[in-house]
Structure formats: C-alpha cells, structure tokens
Amino acid sequence: MRLPISEVKPDTGTATVIGWIHEIRDLGGLSFYILRDRTGFLQATIVKKKAGEDVLAAAKEASRESVVKISGVVKESDKAPGGREIIPEKFEIISKAETPLPLDVSEKVPAEIDTRLDNRYLDARRPKVAAIFRIRSEVTHAISDYFYKNGFINITTSKIVAAATEGGTELFPIAYFEKEAFLNQSPQLYKQMMMGAGFEKVFEIGPIFRAEEHNTTKHLNEATSIDVEVSFADHNDVMALLEKVINVAYEAVAENCQPQLDILGTKLQMPSKTFPKLPYADAIDIAAGKIDEDIKYGDDLSSNAERAIGSEMGEHYFITDWPRSIKPFYAMPYEDRPDISKAFDMMHPKMELSSGAQRVHQYDLLVEQIKLKGLNPDNFEFYLKPFKYGMPPHAGWGVGMDRLITTMLDLPNIREGVLFPRDRHRVTP
RNA sequence: GCCCAGCUAGUGUAGAGGCCUAUCAUGCAACCCUGUCACGGUUGCGACUCGGAUUCGAAUUCCGAGCUGGGCGCCA
C-alpha cells in the first residue's frame, strides 16, 4: 500500500512510497534521492555496497522529476530531512522524465513567469506554486460553504450571450452557427432574472470574459467571479454580506492552510470585521490632495488615485455613493439624490476587488436609465421583460476571485494565482 | 489604443566596436568521493530572435520585422 510521504514516520517500519525525484546527490559510495509528493519530501538513502543490483541499476537510470516507486525500511535519522529516511529494497521507475527539464523544479535556478506558465505542469510541482492553489481551493470551498449554509442557491448561467449587454467592457465575439454571439462579461443580468424567478438568494462562481487589451499584473481576459444577488436587500445589506464573505475566506485559510502559508512565507493580514465606508466625494478629495493630477468629481478613479486612497485607508474599504453617471444603468439611484447611486466598490489598498449595488427593480426607471446611458432598450428585451411581472427589490455584487487571492497572498502578479491565465498574448497552455 | 523596456546554452545570467574560439551558475555526460541536505572536486557538452545597414571588424551601433515583459488608458 502506498503511503503519503507526510505519513512516513521514523517508526513506520516498512513502507512503499511513490513520488517524483526532486533531487539526486551522489556522494560515491552513498547516494541520496529526495522524493517528493503532494504531501512533502522524503530522503531515500542508498548505500552502494549494501544495495541490491536492481536497486542500483534503477537508481542510476532514474532522472530528476521521474516518477518512482520505492519500498524499503524507514529508519530514524537526525541527519535526514524530517528525521527519517527510507532504505530502498525495491526501486522502480514508473515514468521516466526526459532531460533537460524545461525549468528547474528544485528552484536552484529561477525561471521567469512566462517560462513557468509555458510549463505550468512542472511549475506547479514546486511546493510554493502548489500552496497557492491549495489555498485558492480552500477559499472557494469556504465561500461556497458559507453561501450554502445561509440559504443561497448555487446557479450556473450561460457564458455565451447574444449581445453586448452591460456596456463598458469589450466583449469577445465568437462563432455561433449563423448567429452573432459573445462571451459573457458578467452573470449580472442572469442573476437579476433569477431574482425575478423568486430564488431570492443566489450565487455563482464562474468565468467572466473581458476583451480589453490591457497588459498589467492585475488584469486578465478570463477571470473567475464570485457573484451574488439577494432579494429584498439593499446596498447596505449586501455590503455587510461582502464583509462577512471576505472574513470567512481569510479565516478558513488561517485555520486550514497554515502549512501552505508557511511554505509561501506569507503572514495573513486579517481583515477587519467591518470595512470603513468612504463616500465617493471624500475619496476624490483624498486623491486630489495626495497626487498631482487633475481630479474632479465625476471622474472614475485612476490607478494612481486608487493607490493614493488605498495607502490612506490602509485596509479593505468601501467606496460608496457613486455618481450615477459613472455606474451602470442597473444601479439604483437614491430617491432623494437621483444623481447619486446606491453603488459601491470594495477595495483592497492595492486594487479594486468588488463592485456592487442595490439594483433598479422598477421597469420604467430601468428603461429610463438605459436611455440615459445612450443604450437602446429594444436590445434589452430579454432582460427587461422579467421586470414587468413582479420583480422584487434586490442587490448584489461580484468579487474577482483572482484578485482576492492576489491580495490575500500578496502575490506580485495576478497570473500567479491562476493555473492557466489568459492575457493579451497567452492562449496556451 | 499610447508609452517604456527587453530578447545570449534546457533554465537564470555576464557582456558598452577588436579582450568573444562569448562569462558565471544551474543542468547534462564521464570520472573521483560513505552522511549529503544549494554536497564537494576534475574534465567535457550546450546559446548571441530574424532580416538589412554602418564598419577593416558587430552579441554590442543604426533601421525594419517578430516575439515578450511592464506602465498608462480602458476595465473588474
């Protein structure tokens, strides 16, 4: 029976392990093979005078990163990593690795991110990389779990859509038989339709596509979005939910991923239970006072302004009360201040993580706002129709999963937290 | 879309007109080595993105192409 490497203890006795050869050190009469699986490292020690012919032959044949199966007696040894080593009685090459390797898994020689992404399957053998994705899995699990426990329905909506809906971002056109179609930029309109369906609380964790030609460490053309929509809730309700969800994610990682955090050398900066709410007008004032740029009310926040405000706030925070002019048509305006919308962004000091709003649920107001944006309501018929037949008031948000991981682990590039990132130039692997 | 930078062995690099038959590390091969943990030692293998120009001479300067990274804009 194969034993995970982390379960090999000094007193295990006889064991069989399977893993990749991480390093080989040949000292002459004695050689060391460092074996790696997803749980850790184990040193196999071969004393050439004592080892069998077939063990010696296989060991000589084995190259770094080959998959091997080793059976033998485990011995306590304070000279070995982990305080134990295995003395192979059987040494079988299960899958031999060619040489040279496209990149150095043992990290003696660094590789650039581009080389690493081209060879992601090898890159992901590095414990630091594997740790990121173990943590990302934990975040997904914890957040989903929280939603399930609080009465949310997990939905999946179509990523193929007929037309540009929300406006704003560029869409990828695709070939869809004889029709024009696009990859969806957001599940926004579908979530809202499910409010019309009476689902009341829904969430979706799935891909979104943006065809922007940006080239930065915080943008992707395919991203994962954590989306929620809640009926009979306003913007304040869903901001409270968002704080909770971010906290749930951090707490789960702190609780269940300490080994991975240790491998990464990362100390989690735990978020506050509630995030400060900064009205947009005040955010503009802060930015205008800190940076030498012509910033005025009604502008969107530049990267520079975002950073300036972020360093002032120093933690997760909301920017609330945005001018209606720079938020989407589905954001609800305040009854008494129609130029201001009940929209918010949730920020990490380094970048925007989320945006959300209480939505417009009144048909007439929605049509009016679509027109106000210079869009044609006729193009939104599939979306507008549910608003005629009993649409409850509702609110929601979307969080960029990739950015959440990037900021949580303080990664230098958003691509670090995505297995197979899609950016301006990369479509493979 | 705008701007900046880069491209040298499998990987990461040195290189500023002749010192380049191109440095170093890692890797790989062979040999030596019984406690390594970035093992050590000796020898060897392996590269200037492409095209044009300038020059007696170009990895190095110039022009063009290709590819890549990053910043801004836009966007989340």
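Atom set for the values below is all heavy atoms of this structure, side chains included, hydrogens, waters and symmetry mates excluded. Here is how names work: the chains are called A, B, and so on, in the same order as the sequence lines, proteins then strands, and each is numbered from 1.
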**OP:** Quick one: sort the A/Tyr250 and A/His316 rings into parallel, tilted or perpendicular, breaks at 30° and 60°.
**Re:** perpendicular

Contact list (N/O, under 3.5 angstrom) for nucleotides 42-48 of chain B vs protein:
none

Original post:
Mind checking who B/G64 pairs with, Watson-Crick or G-U wobble, both distances under 3.5 Å?
Top reply: B/C50

Original post:
Residues from residues 395-419 of chain A sitting under 4.0 Å of RNA chain B, heavy atoms only?
Top reply: A/Arg403, A/Asn413, A/Arg415

Subject >> Sequence neighbours excluded - ring pair (Phe, Tyr, Trp, His ring centres under 6.0 Å) pairs with any residue from residues 54-79 of chain A >> reply: none

Subject >> For A/Ser311, side chain to side chain donor-acceptor pair (under 3.5 Å) partners two or more places apart >> reply: A/Lys290

Can you give each donor-acceptor pair under 3.5 Å made by side-chain atoms of residues 24-35 of chain A, sequence neighbours left out, with the distance rounded to 0.1 Å?
residue : atom : partner : partner atom : Å
A/Arg25 : NH2  : A/Glu23 : OE1          : 3.3
A/Asp26 : OD1  : A/Gly28 : N            : 2.9
A/Asp26 : OD1  : A/Lys48 : NZ           : 2.9
A/Asp26 : OD2  : A/Lys48 : NZ           : 3.1
A/Tyr33 : OH   : A/Ala59 : O            : 2.7

Subject >> Contacts of type side chain to side chain donor-acceptor pair (under 3.5 Å), residue A/Arg415, not counting sequence neighbours >> reply: A/Asn413, A/Asp423

**OP:** Write down the partner of B/C72 under the Watson-Crick or G-U wobble criteria, each distance required to be under 3.5 Å.
**Re:** B/G1

Original post:
Can you give one letter per nucleotide of nucleotides 1-12 of chain B, 5' to 3': B if a protein heavy atom sits under 4.0 Å from the base, S if only from the sugar-phosphate, - if neither?
Top reply: B--------SBS

Original post:
Is the shortest side-chain N to carboxylate O distance from A/Lys244 to A/Glu251 below 4.0 Å?
Top reply: no

**OP:** Go along nucleotides 32-40 of chain B 5' to 3' and tag each nucleotide: B for a protein heavy atom under 4.0 Å from its base, S when only backbone or sugar atoms are that close, - otherwise.
**Re:** -BBBBBSB-

For residues 12-21 of chain A, please give each side-chain donor-acceptor pair under 3.5 Å, one per line with the distance, not counting sequence neighbours.
residue : atom : partner : partner atom : Å
A/Thr12 : OG1  : A/Lys9  : N            : 2.7
A/Thr12 : OG1  : A/Lys9  : O            : 2.9
A/Thr16 : OG1  : A/Ser71 : OG           : 2.9

Original post:
Which parts of residues 270-288 of chain A get close to RNA chain B, meaning a heavy atom less than 4.0 angstrom away?
Top reply: none

Please tabulate, for side-chain N and O atoms in residues 86-103 of chain A, each donor-acceptor pair with protein atoms closer than 3.5 Å (sequence neighbours left out).
residue : atom : partner : partner atom : Å
A/Lys96 : NZ   : A/Glu61 : OE2          : 2.7

Original post:
With sequence neighbours excluded, what pairs up with A/Gln369 under the side chain to side chain donor-acceptor pair (under 3.5 Å) test?
Top reply: A/Arg324

Original post:
If we take the C1' atom in both B/U34 and B/C28, what is their distance in whole Å?
Top reply: 25 Å

